[in-house]
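As structure tokens, the structure follows; a few thoughts come after it.
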Amino acid sequence: MTTPLARLLMDRIAAAGPLTVADFMTECLLHPEHGYYTTRPPFGAEGDFITAPEISQMFGELIGLSLAQVWMDQDRPAPFVLAELGPGRGTLMADVLRATKSVPGFHAAAQVVFVEASPALRAEQAQRVPGATWVGTVAELPAGPLYVVANEFFDALPIRQFQRAGRGWSERVVAVRDGGLRFALAPPAPVPALATRLADTCDGDIVEFCPMAAPIVTTLATQIAQQGGAALFVDYGNWAGTGDTLQALADHAPVDPLATPGTADITAHVDFAALAAAAAPRMASAMVPQGVVLERWGITQRAQTLARSMSGTALESHIAAHRRLTHPDEMGLLFKMLAMTPPGRAGWPGLEPWTPEPPTAA
Ligand code: SAH
């Protein structure tokens with residue numbers, strides 16, 4: 001099957017040459033007529049994937065309570081900006097706000113601002129979070145102390161892929177061959193942005209680079225360092241990983257990213273080392289697995305409290321949701337959290353460094 005977007009991209013490649021993986025991702029996700037986010041509601045049980053805030057209210061509630069703790073540790077600045085990047089359906093912020101209702105002064109001081117590219121999703125967010133306002137980029141956020149959360153935002157930003165070739169890199173591109181879209185390698189060239197990766201890779205290794213990520217983090221870090229606040233990033237990914245992590249999902253199942261452009265969600269693992277490096281010195285926390293942070297925040301006690309008023313299938317799905325968010329075989333280990341707080345101030349609670357258990361002897 002050839003999608004309308006695949007035909008458009010093949011024409012464009014025939015006229016102007018191969019696309020970077022980043023250009024390909026951008027077209028697949030945001031093409032004004034055929035893009036994935038433009039044409040369908042991607043989230044929830046009926047969508048192509050389900051995210052942590054949609055799995056259980058506990059996720060957003062615990063983020064909200066820990067965020068309120070950071071705000072109190074910073075002497076409750078008022079007013080302040082409460083921002084979310086890529087809020088999807090608005091569920092996370094709705095849970096943050098419900099959980100912080102009884103924190104004295106928090107709601108009165110908070111101005112909720114969403115950074116969202118998709119007009120269709122803005123409408124959905126407005127229904128769940130009345131009183132929110134919107135900007136298109138982090139550079140447009142209002143001045144003031146800035147508290148930011150972002151779940152599965154960075155994984156949707158386009159990445160470029162490079163294969164190590166001596167001291168240079170061959171960019172992996174999308175070309176046309178045998179009448180279809182195929183991956184190909186551009187001739188090797190030096191890539192200054194990948195200078196630090198020469199030390200930890202070998203010939204033939206693939207590394208990924210997200211050009212939009214560092215400027216976004218630096219913009220947030222600058223405002224937080226100067227005016228106070230904090231940021232919490234949650235995503236699937238790793239620390240300076242290697243390998244091709246481009247992934248397309250349709251109807252909850254992986255598909256070939258080149259096979260049906262525009263009809264599948266496309267994401268890539270997030271490089272948390274690049275996020276941390278883009279913060280000012282002494283601002284970034286450790287990278288800690290989601291399951292570890294949620295346990296530190298007391299998710300199991302919270303789950304038990306909620307379970308007391310449940311029975312039957314509701315109780316079963318509640319137990320499954322707890323497992324899905326925290327278990328190492330589910331989202332607990334693949335998803336990571338990283339926070340930023342002003343240099344010299346208290347860190348985000350729960351984001352203290354973590355060391356994996358050494359494997360036990362057989
Ligand atoms: N945080 C939500 C949704 C994650 S999907 C959840 O956890 O359920 C990614 C979100 O980022 C969507 O809301 C998408 O529209 C938004 N997004 C993607 N690229 C963006 C960009 N460049 N600028 C602003 N928002 C973007």
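We count ligands from 1, going down the list as the structure has it; atoms in each ligand are counted the same way. Reckoned from all heavy atoms, side chains included, excluding hydrogens, waters and symmetry mates. Position 1 is the first residue of the sequence, and the numbers go up from there.
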Element-labelled atoms of ligand 1 that are located less than 4.0 Å from some non-hydrogen atom of Met212: 22 (N)

Does Arg197 pair with Asp205 as a salt bridge, N-O distance under 4.0 Å? no

Quick test of your reading of the structure: of Glu116, Arg122, Gln125, whose heavy atom lies closest to atom 16 (C) of ligand 1? Glu116

In one Ile/Leu/Val/Met/Phe/Trp/Tyr side-chain cluster, 4.5 Å: Ile159, Phe233: no

Please state which part of Ala150 comes within less than 4.0 Å of ligand 1, counting heavy atoms only: side chain, backbone, both or neither. neither

Do you see a donor-acceptor pair shorter than 3.5 Å between the side chains of Thr137 and Glu140? yes

With heavy-atom distances below 4.0 Å as the criterion, list the atoms of ligand 1 near Leu121. 12 (C), 13 (O), 15 (O)

Show me which atoms of ligand 1 lie under 4.0 Å from any heavy atom of Phe153. 11 (O), 20 (C), 24 (C), 25 (N), 26 (C)

Would you say Gln223 and Gln227 are linked by a side-chain donor-acceptor pair, where the criterion is simply a distance under 3.5 Å? no

Regarding His322 and Thr300, do their side chains bring together a donor and an acceptor under 3.5 Å, going by distance alone? yes

Interfacing atoms of ligand 1 (cut-off 4.0 Å, heavy-atom, Gly88): 2 (C), 3 (C), 13 (O)

Main-chain N/O of Thr263 paired with Thr260 side-chain donor or acceptor, under 3.5 Å: no

Could you tell me which atoms of ligand 1, counted from 1 in the order shown, lie closer than 4.0 angstrom to a heavy atom of Asn151? 1 (N), 2 (C), 4 (C), 6 (C), 7 (O)

Check whether Trp71 reaches the backbone of Pro77 with its side chain - one donor and one acceptor, N or O, closer than 3.5 Å. yes

Only heavy atoms of Leu157, strictly under 4.0 Å: list the atoms of ligand 1 that pass. 22 (N)

Backbone or side chain, does any N or O of Ala156 fall under 3.5 Å from an N or O of ligand 1? no

One finds that the ligand 1 atoms under 4.0 Å from a non-hydrogen atom of Tyr37 are 5 (S), 9 (C)

Check whether Ser170 reaches the backbone of Pro187 with its side chain - one donor and one acceptor, N or O, closer than 3.5 Å. no

As an exercise, identify every atom of ligand 1 less than 4.0 angstrom from a heavy atom of Thr51. 6 (C), 7 (O), 8 (O)

